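These numbers come from the heavy atoms of this one structure, side chains and all, not from hydrogens, waters or symmetry mates. Here the structure is a predicted model, which means the values were calculated and not measured. Throughout, numbering of the chain's residues begins at 1 and tracks the sequence. Counting convention: from 1, in listed order, for ligands and their atoms alike.
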Amino acid sequence: MDNASLKPDQPVLQLVEISRSFTIKAGFLAEKKILRAVEDVSFQLMRGECLGLVGESGCGKSTLGRLCSGLLPPTSGQVLFLGRDLPEAGCGSWARGQIQMIFQDPFSSLNPRMTVGDSVAEPLLAQGVDAKVSQEQACAMLATVGLKDVERRYPHEFSGGQRQRIAVARALVTKPHIVICDEPVSALDASVQAQVLNLLCDMQEQFSPAYLFISHDLNVVGFMCQRILVMYLGRIVEAASRDAIFSDPRHPYTKALLAARGGKASTETILHGELPSPINQPLGCTFHPRCPKAVDICRQNLPPLKEVSPGWMVRCHLA
Ligand code: SF4
């Protein structure tokens, strides 16, 4: 089924109360500890939309991206791709190549010993497409991202921006339903960032994949996305349209991210301190040690994610 044949209001991906934890042991005799990377996350990714996921480094965004792609199984909860359980679907041929990823560092995501033509053709071969057809489609996709006649060259022969174009071609060559973009422009210069963001917009217009766009940079997410999820210590703390988030943020953490957006002060400066460790999460609202609005109840009870108006969810006792 291609993207055009899906209904506009059809979710391509649904996360239902997803959690993911890891057992950590620092040394041979050290006590085992639980790192709660993602806690009780639910959302839908609709056909052809660009959904932003924003938060500080270490908040669990990338783990959530890997859960959405099927690279990592959840500890609990369900990931549904086109209504079917993703781990099961990921093993079957029908879903192969339908959820693709673009990573922050295009150099490490491309095999240095493969020509870029072979790298881009590889996902098609994995789907069982004939080798000659795969190469033709890879060359055509490379031309679409602005790189003509480069299929015999190797990744080290390209600039960072060009390598990210190759990564985009590799992700889009199978015409996937979903592309998880994990900090895709964070490693690039500002001028090149704009080119790659525009390329991702062009590719979405042409091929209609849904993007889950992960970034620590609210400016970039605001440029790309119609809807935004704000994540803090593994939980969604605010979910709303871009316009709502930018004009009237309800969660104190979202307000801090917006205040840090101009680059004059970091989120750590505005909030007085760094993100706590996901191994030792604060009791009550996990944001309370940094929150300028915290009151007694915040130190005792975890607030639920509640709907404050249609389509607008906030996890805060005072919202
Ligand atoms: Fe701040 Fe309390 Fe709201 Fe948490 S629940 S964000 S600590 S006001």
| query | Any link between Leu305 and Phe43 through a network of hydrophobic side chains (Ile, Leu, Val, Met, Phe, Trp, Tyr) touching at under 4.5 Å? | reply | yes
| Picking from Leu64, Val41, Thr63, what satisfies side-chain contact (heavy atoms from CB on, under 4.5 Å) with Arg20? | Thr63
| message | Please report whether the ring centroid of His251 lies less than 6.0 Å from that of Phe287. | response | yes
| field | Electrostatic pair Glu17:Arg235 at N-O distance under 4.0 angstrom | value | no
| message | Quick test of your reading of the model: are Glu122 and Arg170 salt-bridged, counting only N-O distances below 4.0 Å? | response | yes
| Electrostatic pair Arg227:Glu49 at N-O distance under 4.0 angstrom | yes
| note | So, leaving waters aside, the tally of protein N/O/S atoms less than 2.8 Å from atom 4 (Fe) of ligand 1 stands at 1
